[in-house]
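Take a look at the structure below.
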Amino acid sequence: MISFEEARRIILEIPVKVKEVEEIDFMESMGRVLAEDIRSDMNMPPFDKTAVDGYACRRSDINKPLKVIEHVPAGQMPKKEIGEGECSKVMTGAPVPKGADMVLMVEDCEELGDDQIRYVGQSKSGNICFLAEDIAKDDVVLPANTLIKSQHIAVMAAVGATKVKVYQKVKAAILSTGDELVEPQVKPGPSQIRNSNSWQLLTQVKRAGADAEYMGIVLDTMEDTRKKLRKALENSDIVFLSGGVSSGDYDYVPVIMKELGLEILFDSIAVQPGRPTTLAAGNGKFVFGLPGNPVSSFVQFELLGKMLIASMNNIEMPDRIVKCVLGADITRKKAKRKSFYPVKLNEKGEIVPIEYHGSAHINSLNDAEGAIAMDIGVMEIKKGTLTDVRFF
């Protein structure tokens, strides 16, 4: 049995082959990983522009009446230069006319008639967004190895990056083991349960940036385990498998992994839930064995499984760890393993534990926003303690 920290170290140090690069339309790039820097093809703003609706003028003239010489809407260039005692009415986003170095907010101005206004406000803000103050031409706006999210699509659109180079997606296969499993649409008979882990894993894998294919339930026989695991490895870079990795009489997976030329890097972690979590590697392929209980499977994928996908995507995926105040005591009876407890935020912004009956308590995850850890030897964390929270 190894420590949780050692398991993480092993995953981070695994040599992985970077996927091939392909060029795709930027609107198809959500969830992909950039294989190149994205640079701006222009300055932003591309000109000095007004940040408010108002009147562009010279700062030295704001204490006297100003004559309005032009109206400049967004999308049009000014035709007149601002001289002494003059201003132009400008809309938000419009170019600032030459000669002006300040824009007076329209609500701070009083109309005097005869196309004249007077400033009655107190603010000395210039209200101008200057040329290239956000981005200069050729600036890197998105670095290579960025996992593309919705906000990145907007950035690409803004700089004209409509074709982008990305790494090909990691391909993952999902399997669940156990004669007791039936699919969700089937009413379980005596001694049967519905297969929830596979569908949970499918969504987790996709959210982590990989393609995921469900390849069915593996029966508790050597023959079926060998057949389905071999096929899953043929069609994927990594197999996520739930169940069949502990030391039960029908847990054949570790034996079959060795038969298929995989080296088991670890098969037992001093952690709860998820002690029998297993990782094997060989021939550029991986099998990530997760426990059969749904909470164990979910938590260990979030803590360890998605790290492997990140490495295969050539990106670093830092933990979302935030220090929060604990809103209630947490205690336990045994402290031989590092334990993770599902938690949520209360109305005071404190972290509080969720009712949790163990790794089979699937409903405990409904309101879970993250987990806190109790290290080996720690029996209690008191209310009011500032503690690390790993947000999912």
Donor-acceptor contact present, side-chain Thr146 to main-chain Leu142, <3.5 Å:
no
Evaluate whether atom CD of Glu369 has more than 12 neighbouring non-hydrogen atoms of other residues, nucleotides or ligands under 6.0 angstrom away.
yes
What is the distance from atom CE of Met307 to atom CE of Met312, rounded to the nearest 0.5 Å?
13.5 Å
Give a yes or no on whether Asn283 atom CG has more than 12 heavy-atom contacts from other residues, nucleotides or ligands under 6.0 Å away.
no
Between Lys49 and Val96, which heavy-atom pair has the shortest distance, and what is it?
C-CG2, 3.6 Å
Look at the side chain of Asp53 and the backbone N and O of Thr92, then say whether any donor-acceptor pair between them is shorter than 3.5 Å.
yes
Looking at Glu259 and Arg226, is any side-chain nitrogen of the basic one under 4.0 Å from a carboxylate oxygen of the acidic one?
yes
Linking I/L/V/M/F/W/Y whenever their side-chain heavy atoms sit closer than 4.5 Å, directly or via other members, would Ile309 and Tyr214 fall into one cluster?
yes
Answer whether the closest heavy-atom distance between the side chains of Val155 and Ile38 falls below 4.5 Å.
no
Given Val103 and Val90, is the side chain to side chain contact (heavy atoms under 4.5 Å, CB included) satisfied, shown in steps?
CA-CA 8 Å; Val103 177; Val90 291; 4.0 Å; yes
Tell me whether Lys323 contacts the main-chain N or O of Val389 through its side chain, where contact means a donor paired with an acceptor under 3.5 Å.
no
NZ (Lys306) with more than 12 external heavy atoms under 6.0 Å
yes
Taking side chain as C-beta onward, heavy atoms only, is Glu23 less than 4.5 Å from Val166?
no
Check the orientation of Phe240 and Phe301. Use parallel for under 30°, tilted for 30 to 60°, and perpendicular for over 60°.
perpendicular
NZ of Lys169 to CG of Asp211: how many Å apart, nearest 0.5 Å?
4.5 Å
If Ile, Leu, Val, Met, Phe, Trp and Tyr residues are connected whenever their side-chain heavy atoms lie under 4.5 Å apart, and connections chain through other members, are Leu279 and Leu290 in the same group?
yes
Note, Val159 side chain near Asp139 side chain (heavy atom, < 4.5 Å)
no
Rounded to the nearest 0.5 Å, what separation is found between the CG atom of Leu260 and the CD atom of Glu234?
9.5 Å
Heavy atoms only: give me the nearest Ala212-Ile174 pair and the separation to one decimal.
CB-CG1, 4.5 Å
Minimum heavy-atom distance Ile69-Ser88, with the two atoms named:
CG1-OG, 3.7 Å
Salt-bridge test for Glu380 and Arg332: reply yes if a basic N is under 4.0 Å from a carboxylate O, no otherwise.
no
Check whether any side-chain heavy atom of Glu263 lies under 4.5 Å from a side-chain heavy atom of Lys258, and answer yes or no.
no
More than 12 heavy atoms of other groups within 6.0 Å of Glu223 CD:
no
Does Arg58 pair with Asp61 as a salt bridge, N-O distance under 4.0 Å?
yes
Run the side chain to side chain contact (heavy atoms under 4.5 Å, CB included) test on Leu66 and Tyr119 for me, step by step, so that the C-alpha distance in whole Å, both residues' side-chain angles and the decisive distance to 0.1 Å come before the verdict.
CA-CA 8 Å; Leu66 300 172; Tyr119 183 55; 5.9 Å; no
Taking everything shown except Met379 itself, do over 12 heavy atoms lie less than 6.0 Å from its CE?
yes
Worked check of side chain to side chain contact (heavy atoms under 4.5 Å, CB included) between Val72 and Met91:
CA-CA 7 Å; Val72 185; Met91 300 296 105; over 6 Å; no
One should read off an interatomic distance between Lys89 NZ and Cys109 SG, to the nearest 0.5 angstrom, of 9.5 Å
Same cluster for Val322 and Val343 if Ile/Leu/Val/Met/Phe/Trp/Tyr side chains link at under 4.5 Å?
yes
Return yes if a side-chain donor-acceptor contact under 3.5 Å exists between Tyr55 and Glu86, otherwise no.
no
Test: Arg9 and Glu6 ion pair at under 4.0 Å:
yes
How far apart are the closest heavy atoms of Pro73 and Ala94, and which atoms are they?
O-CB, 3.7 Å
Would Ile381 end up clustered with Phe4 when hydrophobic side chains under 4.5 Å apart are linked, directly or stepwise?
yes
Taking every heavy atom of Ile11 against every heavy atom of Ser311, the minimum-distance pair comes out as O-OG, 4.2 Å
Test your reading of the model: is there a side-chain donor-acceptor pair from Gln192 to the backbone of Glu180, 3.5 Å cut-off?
no
Using 4.0 Å as the upper bound for N to carboxylate O, is an ion pair formed by Lys383 and Asp329?
no
In plain terms, say whether Glu28 and Lys163 are close enough for a salt bridge, that is, a side-chain N and a carboxylate O under 4.0 Å apart.
no
Got a donor-acceptor contact below 3.5 angstrom from the Arg390 side chain to the Leu303 backbone?
no
Verify side chain to side chain contact (heavy atoms under 4.5 Å, CB included) between Arg207 and Glu302, making sure each step is shown before the conclusion.
CA-CA 11 Å; Arg207 190 174 64 176; Glu302 291 297 313; 3.1 Å; yes
Donor-acceptor pair, distance only, cut-off 3.5 Å: does the side chain of Ser29 make one with the backbone of Phe26?
yes
Is it the case that more than 12 heavy atoms not belonging to Lys64 sit under 6.0 Å from its NZ atom?
yes
In Å and rounded to the nearest 0.5 Å, what is the CD1 to NE2 distance from Ile148 to His152?
8.0 Å
Quick check against the 3.5 Å criterion: does Gln300 have a side-chain atom that pairs as donor or acceptor with the backbone of Pro273?
yes
Decide whether Asn195 and Ser176 meet the rule of one side-chain donor and one side-chain acceptor closer than 3.5 Å.
yes
Looking at Glu22, is its backbone amide N or carbonyl O close enough to the side chain of Gln168 to form a donor-acceptor pair, meaning the two atoms are under 3.5 Å apart?
no
Counting N and O atoms only, with roles assigned by atom type, does the side chain of Asn197 sit under 3.5 Å from a partner on the main chain of Ser242, one being a donor and the other an acceptor?
no
Does the side chain of Leu104 reach to within under 4.5 Å of the side chain of Cys57, using non-hydrogen atoms?
yes
Going by atom types alone, do Tyr167 and Asn314 pair a side-chain donor with an acceptor below 3.5 Å?
yes
All heavy atoms of Lys137 vs all of Asn43, minimum pair found to be N-OD1, 2.8 Å
Check the surroundings of atom NZ in Lys19: do more than 12 heavy atoms from other residues, nucleotides or ligands lie under 6.0 Å from it?
yes
Other residues, nucleotides, ligands: >12 heavy atoms within 6.0 Å of Gln185 CD
yes
Is any side-chain heavy atom of Leu131 closer than 4.5 Å to one of Pro45?
no
Look at the side chain of Arg275 and the backbone N and O of Met1, then say whether any donor-acceptor pair between them is shorter than 3.5 Å.
no
Tell me whether Val33 is reachable from Val164 by hopping between hydrophobic residues (I, L, V, M, F, W, Y) whose side-chain heavy atoms are closer than 4.5 Å.
no
Determine whether Arg8 and Glu13 satisfy the following criterion, salt bridge (charged side-chain N to carboxylate O under 4.0 Å, His left out), listing intermediate values before the conclusion.
CA-CA 9 Å; Arg8 289 174 60 83; Glu13 293 180 359; over 6 Å; no
Spacing of Cys324 atom SG and Leu386 atom CG [to the nearest 0.5 Å]:
7.5 Å
